[in-house]
Amino acid sequence: MPAHSDAASAPAAAWRMPRWARHSGLVAGGIILAIIFLMGLLAPVLAPYNPYDQNLLARIVPPIWHETGTWAHPLGTDHLGRDYLSRLLYGARVSVFIGVTVAFVSGIIGTVLGVTAGYFGGKTDTVISFIITARLALPVILVALAVVALFGSSLSVVVGVLGLLLWDRFALVMRATTQQIRDADFVMAAKVQGASTWQIIMQEIMPNLATNITVVATLEIAQAIVLEAALSFLGLGVPPPLPSWGLMLAEGKSFILFDPWLITIPGMLLFGLVLAINLVGDGLRDVTAPDSRN
């Protein structure tokens with residue numbers, strides 16, 4: 001009887017769902033992100049119109065659920081007669097591009113500084129810690145506003161400014177984690193075998209930082225998207241006519257009382273994107289934690 005029980009439980013153990021698939025937040029966030037990525041990727045196929053084409057005779061057409069809506073423009077048109085569905089689809093590209101690019105730039109800067117400070121310690125750590133503290137003392141949104149106002153608003157300026165301002169979280173996490181593993185047995189063994197500092201950092205330390213880098217990157221992507229939307233809302237973000245969701249919020253704020261869908265639709269999409277990224281980040285943190293029980 002016990003043998004039969006063991007044999008029956010073996011297939012159940014073999015078919016057990018992986019840990020990530022049992023994390024509801026990670027799965028939900030991943031599905032939402034996949035939908036938004038597909039929206040941006042397939043925008044040229046899905047968009048019924050060119051997102052830049054204007055038709056002043058079809059201004060502020062309401063969405064299809066409105067009594068005067070039309071299937072010619074399922075989500076209506078904006079104040080210049082541009083199809084809202086088309087601009088939303090192409091706007092997914094712009095928002096995701098900004099978030100990913102900013103996280104990539106800030107990730108490189110922060111990881112280099114954090115690993116350097118954590119591994120070498122001493123005066124190097126003191127200098128880099130001072131740089132991190134100085135960066136933390138700067139209000140991101142005010143500095144970004146000042147720089148964009150000085151150099152003008154463009155996609156490259158917004159990405160560059162945010163990338164140079166959002167590296168502090170990478171630096172802090174990488175510094176603390178590197179300090180924890182720099183004296184580990186496998187690092188000491190590599191030193192005894194004559195590995196160079198570069199080899200130790202790239203082959204022993206960096207692989208152990210991959211999970212932390214991924215989790216922090218998800219948080220920074222979400223923050224970059226929100227900051228870009230804030231800059232665009234203030235008129236200093238991505239310049240028109242680029243179909244950024246943040247810019248669409250800014251353009252629709254004048255019509256919020258009479259045509260609220262102009263600001264509600266991109267606002268809901270922006271909320272969904274940021275929520276999905278945070279769900280994925282929290283899920284990755286939980287799934288990769290050594291003591292995870294999910």
Side-chain angles (χ1 to χ4, degrees), residues 29-30 32-44 51-52 87-115 135 138 140-141 143-174 206 209-250 266 269-281 284:
I32 297 174
L33 275 183
I35 293 173
I36 294 176
F37 284 153
L38 287 176
M39 285 173 54
L41 184 64
L42 301 177
Y52 303 103
R87 289 185 64 79
L88 288 169
L89 291 171
Y90 278 90
R93 286 183 163 191
V94 177
S95 296
V96 171
F97 171 79
I98 290 174
V100 172
T101 307
V102 168
F104 179 76
V105 173
S106 60
I108 291 178
I109 297 173
T111 300
V112 170
L113 291 175
V115 172
R135 157 59 199 90
L138 296 174
V140 175
I141 190 67
V143 174
L145 284 172
V147 174
V148 173
L150 182 63
F151 292 98
S153 61
S154 68
L155 183 61
S156 58
V157 171
V158 171
V159 170
V161 170
L162 295 181
L164 294 174
L165 287 174
L166 298 181
W167 52 264
D168 52 284
R169 194 176 329 210
F170 281 101
L172 289 171
V173 174
M174 297 309 113
M206 289 303 297
L209 299 178
T211 300
N212 291 332
I213 292 175
T214 302
V215 173
V216 175
T218 59
L219 300 176
E220 295 303 329
I221 290 174
Q223 185 177 5
I225 292 172
V226 171
L227 286 174
E228 182 276 325
L231 290 173
S232 295
F233 193 80
L234 296 172
L236 292 173
V238 174
L242 279 178
S244 162
W245 289 349
L247 180 59
M248 294 175 73
L249 283 172
L269 286 174
L270 196 60
F271 170 78
L273 176 57
V274 174
L275 176 63
I277 293 172
N278 281 288
L279 286 174
V280 170
L284 290 174

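Throughout, numbering of the chain's residues begins at 1 and tracks the sequence. Note that these values count all heavy atoms, side chains included, but never hydrogens, waters or copies made by symmetry.
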- Taking side chain as C-beta onward, heavy atoms only, is Ile98 less than 4.5 Å from Leu155? yes

- Message: Counting C-beta onward and ignoring hydrogens, is there a side-chain heavy-atom pair between Leu231 and Ile141 closer than 4.5 Å?
- Response: yes

Measuring from [X]:[atom1] to [Y]:[atom2], what's the distance to the nearest 0.5 Å?
X: Asn212; Y: Phe170; atom1: CG; atom2: CZ; answer: 10.5 Å
X: Leu270; Y: Glu228; atom1: CG; atom2: CD; answer: 8.0 Å
X: Leu113; Y: Ile108; atom1: CG; atom2: CD1; answer: 12.0 Å
X: Asp168; Y: Leu138; atom1: CG; atom2: CG; answer: 9.5 Å
X: Ser244; Y: Arg93; atom1: OG; atom2: CZ; answer: 14.5 Å
X: Ile36; Y: Leu88; atom1: CD1; atom2: CG; answer: 11.0 Å

Using every non-hydrogen atom in the two residues, find where [X] and [Y] come nearest and quote the distance to one decimal.
X: Ala276; Y: Leu33; answer: CB-CG, 3.9 Å
X: Trp245; Y: Leu273; answer: CZ3-CD2, 3.9 Å
X: Leu247; Y: Ser232; answer: N-CB, 3.5 Å
X: Tyr90; Y: Pro51; answer: CD1-CG, 3.5 Å
X: Val238; Y: Leu242; answer: CG1-CD1, 3.3 Å

- Candidates Val100, Val94, Thr101 - the one meeting side-chain contact (heavy atoms from CB on, under 4.5 Å) with Phe97: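 Single side-chain contact (heavy atoms from CB on, under 4.5 Å) partner of Phe97 among Val100, Val94, Thr101: Thr101.
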
- Residue of the set Val158, Leu165, Leu164 for which side-chain contact (heavy atoms from CB on, under 4.5 Å) holds with Val161: Leu165

- Test log, rule side-chain contact (heavy atoms from CB on, under 4.5 Å), inputs Trp167 and Leu172: CA-CA 9 Å; Trp167 52 264; Leu172 289 171; over 6 Å; no

- Set of side chain to side chain contact (heavy atoms under 4.5 Å, CB included) partners for Thr214, sequence neighbours left out: Leu284

- Task: Flag yes if more than 12 heavy atoms outside Phe271 fall under 6.0 Å of its CZ atom; otherwise flag no.
- Result: no

Tell me which donor-acceptor pairs under 3.5 Å the side chains of residues 217-227 have, and how far apart each pair is, sequence neighbours excluded?
from	atom 1	to	atom 2	distance (Å)
Thr218	OG1	Val215	O	2.5
Glu220	OE2	Arg169	NE	2.8
Gln223	OE1	Arg169	NH2	3.0

